[in-house]
Amino acid sequence: MALYAAAAAVLAGVESRQGSIKGLVYSSGFQNVKQLYALVCETQRYSAVLDAVIASAGLLRAEKKLRPHLAKVLVYELLLGKGFQGRGGQWKPVLGRHQARLKAELARLKVHRGVSRNEDLLEVESRPGSASQVPRFVRVNTLKTCCDDVVDYFKRQGFSYQGRASSLDDLRALKGKHFLSDPLLPELLAFPAQTDLHEHPLYQAGHFILQDKASCLPAMLLAPPPGSHVIDACAAPGNKTSHLAALLKNQGKIFAFDLDAKRLASMATLLARAGVSCCELAEEDFLAVSPSDLRYRQVHYILLDPSCSGSGMLTRQLEEPGAGTPSKERLRALAGFQQRALCHALTFPSLQRLVYSTCSLCQEENEDVVRDALQQSPGAFRLVPVLPSWPHRGLSTFPGAEHCLRAAPETTLTGGFFIAVIERVEVPSPVSQAEALAPELTPSPAPKRKKRRRKAAAGASTSLGT
Ligand code: SAM
């Protein structure tokens with residue numbers, strides 16, 4: 001299939017929700033996927049502008065055989081892209097007939113909106129602070145290397161290191177071959193948004209992981225110390241698992257579950273590349289994992305990052321600006337699973353701290369899930385107030401919801417994300433367990449001891465919040 005026809009078919013598929021741009025490009029059979037992907041993304045970025053120009057030039061009224069998606073691709077190439085460059089087939093002379101009118105309509109649109117450059121015509125979604133402006137974050141894999149070595153490597157490659165960013169504005173201003181350390185996460189480096197590091201030798205060797213900053217927060221906030229036992233309930237493809245392993249320094253154990261065999265296979269590759277040796281992978285439904293299994297008796301930490309609508313995902317926002325709101329039925333099904341998974345996780349007897357996260361923007365998958373799960377075990381767990389200076393908080397739909405974190409390109413220069421840190425209020429002790437079984441045989445717990453436990457928990461929360 002010719003490039004423009006292939007691009008039009010992908011655009012039509014995206015519009016009718018047959019898949020993402022990336023998925024449809026790969027399944028299109030078109031040989032040069034990079035070229036096709038770039039053309040589709042750019043046409044989509046200028047979609048509203050192209051619609052306006054095509055409509056006011058009366059192109060589709062005049063050319064009845066020209067389908068709207070193909071028209072959009074052709075007009076993009078003619079006015080904003082590289083020109084037809086020997087392509088265009090039967091449509092080249094047709095577009096040629098309309099060229100002057102199309103150009104005039106584009107110029108008129110710019111005058112009307114008071115801008116001089118094509119980029120300034122882009123809708124709000126494509127402007128600074130939007131998904132396309134989010135830096136390319138690089139998490140240094142401390143199992144294999146250290147930040148200084150990675151920084152030096154990039155410097156030797158001609159990148160210019162600007163030190164630690166002091167604010168989001170520093171990250172926003174990144175361009176060219178400059179890069180920075182993130183102000184919050186010590187092992188995170190930030191490069192300009194368009195930097196492509198997928199072919200970088202250090203990435204290929206597992207010395208760094210390409211992971212959005214928001215997606216690094218769950219493991220960082222769970223903060224399991226080396227030696228501890230952790231469950232990663234919905235783990236594939238494993239970015240957060242590898243982060244957990246780095247925090248554990250490969251000491252201790254991660255029990256990682258996922259239902260999807262294919263995703264688990266790529267996870268195994270990712271973990272091997274990242275040098276993770278403390279993880280047990282299992283193709284298992286987390287809901288069927290028994291909390292009373294003795295293997296999990298020392299699990300004090302659980303990361304629950306369940307399947308979600310993905311409405312906050314950067315790729316989705318870039319590909320389908322303004323889209324991504326799932327149907328009510330899908331939301332209900334997802335939220336039902338998320339809630340069952342969270343309630344199940346809270347039944348692990350030794351659990352002390354849990355992080356619940358999604359890359360969804362929907363309240364139903366976030367605050368509502370957390371509220372309902374906490375309500376089901378009243379007084380047993382609480383939300384931990386983390387990162388007080390984080391600017392984007394949970395929606396105030398219930399008391400304490402502001403302890404949750406939200407993330408979005410406009411507010412935190414990251415993908416859309418939600419995180420709740422949940423902690424057990426009373427750590428079960430042999431004394432209280434025995435008391436529960438035979439209250440008449442055991443003395444009351446010493447009040448001093450109880451107080452110390454609470455203090456320790458509060459201390460943990462505070463140290464994370466700085
Ligand atoms: N935490 C992962 C990471 O950072 O790379 C991403 C997890 S992804 C959002 C959700 C995962 O949950 C999917 O891989 C999906 O296969 C898995 N999943 C869905 N239902 C599950 C279940 N009942 N038990 C275990 N895993 C499940």
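For ligands, and for the atoms within them, numbers begin at 1 and follow the listed sequence.
Looking at heavy atoms from C-beta onward, Lys177 lies out of side-chain contact with Phe191 at the 4.5 angstrom threshold. Using a 4.5 Å heavy-atom cutoff, the side chains of Cys278 and Lys249 are not in contact. Counting heavy atoms from C-beta on, the side chains of Thr412 and Pro391 come closer than 4.5 Å.
Side-chain N/O atoms of His243 and Glu187 include a donor and acceptor closer than 3.5 Å. For Ser309 and Glu365, the side-chain atoms include at least one donor-acceptor pair closer than 3.5 Å. Lys155 and Ser160 are not linked by any side-chain donor-acceptor pair at a separation below 3.5 angstrom, with hydrogens and angles left out of the test.
Nearest residue to atom 14 (O) of ligand 1 from His243, His344, Glu283, Arg263 is Arg263 (criterion: closest heavy atom).
The single protein non-hydrogen atom nearest to atom 11 (C) of ligand 1 is Asp258 OD2, 3.4 Å, given as residue, atom name and distance. Atom 4 (O) of ligand 1 has its closest protein heavy atom at Lys240 NZ, 2.8 Å. Phe337 CZ, 3.4 Å is the protein heavy atom nearest to atom 20 (N) of ligand 1. Protein heavy atom nearest atom 7 (C) of ligand 1, with residue, atom name and distance: Ala236 O, 3.1 Å. Among protein heavy atoms, atom 19 (C) of ligand 1 sits closest to Ser307 OG, 3.2 Å.
A heavy-atom separation below 4.0 Å is found between Ala233 and ligand 1. Heavy-atom distances between Met267 and ligand 1 stay at or above 4.0 Å for every pair.
On a distance-only criterion, Cys234 and ligand 1 share at least one N/O pair closer than 3.5 Å. The shortest N or O to N or O distance between Phe286 and ligand 1 is below 3.5 Å. An N or O contact shorter than 3.5 Å links Asp305 to ligand 1 by distance. Any N or O atom pair closer than 3.5 Å counts here, and Gly238 shares at least one such pair with ligand 1. Distances between N or O atoms of Leu287 and those of ligand 1 include no value under 3.5 Å.
At least one donor-acceptor pair closer than 3.5 Å links the side chain of Arg424 to the backbone N or O of Leu351.
Within the 4.0 Å heavy-atom criterion, neither part of Ser215 lies near ligand 1. For Ala235, every heavy-atom contact with ligand 1 shorter than 4.0 Å involves the backbone, none the side chain.
Annotation for ligand 1: atoms under 4.0 Å from non-hydrogen atoms of Asp260 are 16 (O). The ligand atoms of ligand 1 that sit less than 4.0 angstrom from a heavy atom of Pro306 are 9 (C), 10 (C). Of all atoms in ligand 1, numbered sequentially from 1 with element shown, those under 4.0 Å from a heavy atom of Glu284 are 24 (N), 25 (C). Less than 4.0 angstrom separates some heavy atom of Asp285 from each of these atoms of ligand 1: 22 (C), 23 (N), 24 (N).
Checked for salt-bridge contact, Asp51 and Lys72 meet the test: a charged N lies under 4.0 Å from a carboxylate O.
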### Task
I would like to know whether Phe159 and His178 meet ring pair (Phe, Tyr, Trp, His ring centres under 6.0 Å); could you show each step before the answer?
CA-CA 6 Å; Phe159 285 87; His178 290 180; 9.7 Å; no

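Here SG of Cys343 is found 8.0 Å from CG of Asp372. Values are rounded to the nearest 0.5 Å.
Residues His200 and Tyr153 place their aromatic rings such that the two centres sit under 6.0 Å apart.
Below 30°, between 30° and 60°, or above 60°: for Phe286 and His344 the angle between ring planes is above 60°, a perpendicular geometry.
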